[in-house]
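Notes follow the structure.
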There are 2 protein chains.
Amino acid sequence: MVDPTEPGDGQDRAPSRRERARAATIDEIKRTALGLMREQGTTDFRFSDIARLMGMTAPALYRYFADRDELLTALIVDAYDELGNAVAGPRDEIPVDDPGGRFVAVAESYRRWAREEPGRFALILGLPVPGYHAPEEGPTTEAAQRAMAQLKALFYEAAQAGMLRPPRLPDDGGVIGRLLTEHAEEKVSPIDGPPIPAETFQAMLHCWACVHGFASLEAYGHLDWLPMEARDAIFTSSMRLVADAAGLPAPRPA
Amino acid sequence: MVDPTEPGDGQDRAPSRRERARAATIDEIKRTALGLMREQGTTDFRFSDIARLMGMTAPALYRYFADRDELLTALIVDAYDELGNAVAGPRDEIPVDDPGGRFVAVAESYRRWAREEPGRFALILGLPVPGYHAPEEGPTTEAAQRAMAQLKALFYEAAQAGMLRPPRLPDDGGVIGRLLTEHAEEKVSPIDGPPIPAETFQAMLHCWACVHGFASLEAYGHLDWLPMEARDAIFTSSMRLVADAAGLPAPRPA
DNA sequence: CGTGTTTGTTATTTGGCGTAACACTTCTAA
DNA sequence: TTAGAAGTGTTACGCCAAATAACAAACACG
């Protein structure tokens with residue numbers, strides 16, 4: 001049985017010795033694969049290399065993952081979750097009544113994660129790995145939504161607290177608002193909450209695009225010609241600007 | 001001889017019949033590879049597939065490219081050049097005294113190119129293809145700078161024409177300006193022109209990051225859940241905002 | 001027309017993915 | 001305690017693509 005679902009019946013009993021060993025092996029495989037990705041700077045890795053590093057032979061890995069795609073799917077889900085955690089952690093260290101500061105925290109940790117994990121960043125937010133076919137409607141999309149929800153939550157809280165000015169973004173004749181409410185109502189709302197105003201949603205996308213642009217340019221080395229200090233300063237400056245444009249109050253100085 | 005350099009001596013005589021045939025074959029190989037990339041949506045392609053589509057056998061391709069990396073390098077250089085042309089064309093259809101409009105034209109064509117050519121976009125602005133090792137200081141960096149220069153030129157012209165307000169970006173204590181002038185003087189200036197003020201350079205990076213963020217999110221399908229009209233409207237709105245923040249005048253209505 | 005170059009071929013090596021068949025360990029139940 | 005089932009590993013193998021070697025045909029040019 002390779003299928004990791006259905007751990008018995010519906011009940012979750014204490015994991016047996018074997019189950020623990022299996023989980024540990026799965027974890028070691030994933031960690032080894034990540035190590036290879038980091039080492040060679042690509043999303044490519046060889047089953048045989050993973051096995052060799054673990055002191056096993058390649059075919060043994062197929063006891064744990066049906067094929068390369070299944071391992072990749074697992075890595076993608078993990079990566080989304082970790083990116084989500086990476087931005088949620090620093091965000092939640094800033095008080096809720098400082099949404100500007102919370103946004104800057106999210107932006108900075110998004111960028112840091114991208115820079116520290118370019119391979120995994122490319123895995124989830126770049127072009128799919130050659131030959132990889134994502135499972136339809138699968139766990140990857142859910143994981144992506146969970147990660148995205150961390151940013152949404154920030155704006156939602158700010159709106160709830162009444163700390164969100166109307167954004168500065170032009171919406172000639174309310175076209176965007178109409179389109180968003182017509183076609184994508186359910187996507188616009190964060191999980192478990194009333195809808196964000198369309199204009200705020202638009203502002204959030206603007207912020208995300210800008211953060212993501214910096215993060216991906218930097219992750220792939222396209223800003224290497226700039227000294228790190230300058231990159232830091234420029235990034236922070238840009239983030240303050242987009243936060244302001246989105247209607248967030250200026251971050252409170254720490 | 002596979003080495004494409006040294007076409008005789010320094011002189012460029014009329015290309016002989018054989019040279020023309022060779023150039024045509026090289027071109028066909030590249031076009032076939034691009035077709036495969038577009039078709040399968042990845043940066044991966046098989047030499048054997050290219051050869052089959054061309055009615056040849058795989059080893060014949062090695063007469064034209066020493067290995068997969070050499071073909072990739074050629075494709076990367078081409079892609080940079082075409083991206084540069086793709087943004088320069090629409091830009092130059094807008095009058096020089098409308099730099100805001102010229103920026104929007106650049107942004108829109110950058111985005112369109114990314115959406116239409118996600119594979120090539122990933123090739124140049126994403127994570128390197130598995131196993132690919134770029135030649136050091138090679139033709140790829142030069143091509144990248146040529147493409148980037150198209151955006152620089154826009155800001156340079158606007159500054160020359162005195163149509164550039166100081167950007168709205170905060171630079172506390174002029175840290176960014178100092179860093180830029182200290183460390184990256186030559187990179188800040190466009191080719192063949194006096195230096196752009198550091199604050200304008202910063203604004204340009206802000207614009208680029210935002211354009212690139214939208215473009216890459218969309219190219220890899222992360223905005224597919226939004227209807228195209230909404231994406232268009234939101235993108236345009238964001239571009240107007242960043243252009244304004246960068247000190248460009250509002251685009252003149254066509 | 002003969003010689004050397006270019007461009008193609010087929011045959012072969014190398015290396016990774018994935019499967020098959022088999023061996024050893026561990027858990028479970030009579 | 002012990003037989004059998006389930007789980008985990010192994011070696012041997014088939015397949016496919018990259019890249020090289022050795023060879024054959026077409027072409028350019030004296």
Side-chain angles (χ1 to χ4, degrees), chain A residues 1-9 13-29 32-33 36-37 40 42-75 129-133, chain B residues 1-8 13-30 32-33 36-37 40 42-75 129-133:
Chain A
M1 270 316 160
V2 165
D3 191 351
T5 54
E6 193 104 19
D9 40 57
R13 325 163 314 280
S16 72
R17 174 178 181 74
R18 261 193 178 156
E19 281 166 344
R20 274 183 288 123
R22 183 177 181 82
T25 307
I26 287 180
D27 204 64
E28 188 183 352
I29 293 173
T32 310
L36 282 169
M37 270 178 43
Q40 14 185 92
T42 69
T43 52
D44 203 13
F45 49 77
R46 283 179 280 272
F47 260 41
S48 41
D49 286 349
I50 299 176
R52 184 177 39 76
L53 288 175
M54 292 178 64
M56 306 199 325
T57 56
L61 299 183
Y62 290 86
R63 299 286 180 194
Y64 300 92
F65 296 96
D67 52 15
R68 232 166 126 269
D69 279 14
E70 202 171 288
L71 174 52
L72 276 172
T73 301
L75 294 178
V129 173
Y132 172 71
H133 287 277
Chain B
M1 268 321 157
V2 164
D3 191 351
T5 53
E6 192 103 21
R13 327 163 312 280
S16 74
R17 174 177 182 76
R18 261 194 176 153
E19 282 166 343
R20 274 183 287 123
R22 183 178 182 81
T25 306
I26 287 179
D27 204 64
E28 189 183 350
I29 293 173
K30 293 198 285 193
T32 310
L36 282 169
M37 270 178 44
Q40 18 187 87
T42 69
T43 52
D44 201 14
F45 46 78
R46 284 181 278 272
F47 260 42
S48 41
D49 286 349
I50 299 176
R52 185 177 38 76
L53 288 175
M54 292 177 64
M56 303 198 329
T57 54
L61 299 183
Y62 290 86
R63 297 286 179 196
Y64 300 92
F65 296 95
D67 52 15
R68 234 165 125 269
D69 278 15
E70 202 171 288
L71 174 52
L72 277 171
T73 301
L75 292 178
V129 173
Y132 173 71
H133 288 277

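All values below were derived from every heavy atom in this structure, side-chain atoms included, with hydrogens, water molecules and symmetry-related copies excluded. Lettering follows sequence order; numbering is per chain, from 1.
Annotation: side-chain hydrogen bond (donor to acceptor under 3.5 Å, both in side chains) contacts of Arg46(B) (sequence neighbours excluded): Asp49(B).
Counting atom types as modelled, Arg63(A) pairs a side-chain N or O with a base atom of dG9(D) as donor and acceptor under 3.5 Å.
Among the protein residues, Ser48(B) comes within range of the sugar-phosphate backbone only, with heavy atoms under 4.0 Å from sugar or phosphate atoms but none that close to a base. At the heavy-atom level, Arg46(B) lies under 4.0 Å from the strands shown only through sugar-phosphate atoms.
Atom CD1 in Ile29(A) sits roughly 11 Å away from atom C1' in dT8(D) (whole-Å rounding). One can place CZ of Arg20(B) at 14 Å from P of dC27(D), the figure rounded to the nearest angstrom. Distance CZ (Phe47(A)) to P (dT19(C)): 10 Å, rounded to an integer number of Å. Note: CG (Leu61(B)) to P (dT6(C)) measures 18 Å, nearest angstrom. Across the protein-nucleic acid pair, Met56(B) atom CE and dT10(C) atom P stand 12 Å apart, rounded to whole Å. Between the CZ atom of Phe45(B) and the P atom of dA18(D) there is a distance of 9 Å, given to the nearest Å. In this structure, Arg17(A) places its CZ atom 16 Å from C1' of dA6(D), rounding to the nearest Å. In this structure, Tyr62(A) atom OH and dA21(C) atom P are separated by 17 Å, rounded to whole Å.
Checked against dT9(C), dC27(C), dT11(D), the side chain of Thr57(A) finds its nearest nucleotide in dT11(D). When each of dG18(C), dA19(D), dA26(D) is scored by its nearest atom to the side-chain atoms of Arg18(B), the top-ranked nucleotide is dA26(D). In the set dG8(C), dT19(C), dA19(D), the nucleotide with an atom closest to the side chain of Tyr64(B) is dG8(C).
The phosphate of dG18(C) (OP1 or OP2) has no side-chain N or O of Arg68(A) nearer than 4.0 angstrom.
Here the straight-line distance linking atom CG of Asp27(A) with atom OG1 of Thr32(A) works out to 9.0 Å at 0.5 Å rounding. Taking CD1 of Ile50(B) as the reference point, atom CZ of Arg68(B) lies at 9.0 Å (rounded to 0.5 Å).
Phe65(B) places a side-chain heavy atom less than 4.5 Å from the side chain of Ile26(B).
The minimum heavy-atom distance linking Met37(B) with Phe45(B) is given by the pair CG-CD2, 3.9 Å.
The 5' end of DNA chain C is approached more closely, in terms of each residue's nearest nucleotide, by Ala21(B) than by the other of Ala21(B) and Pro59(B).
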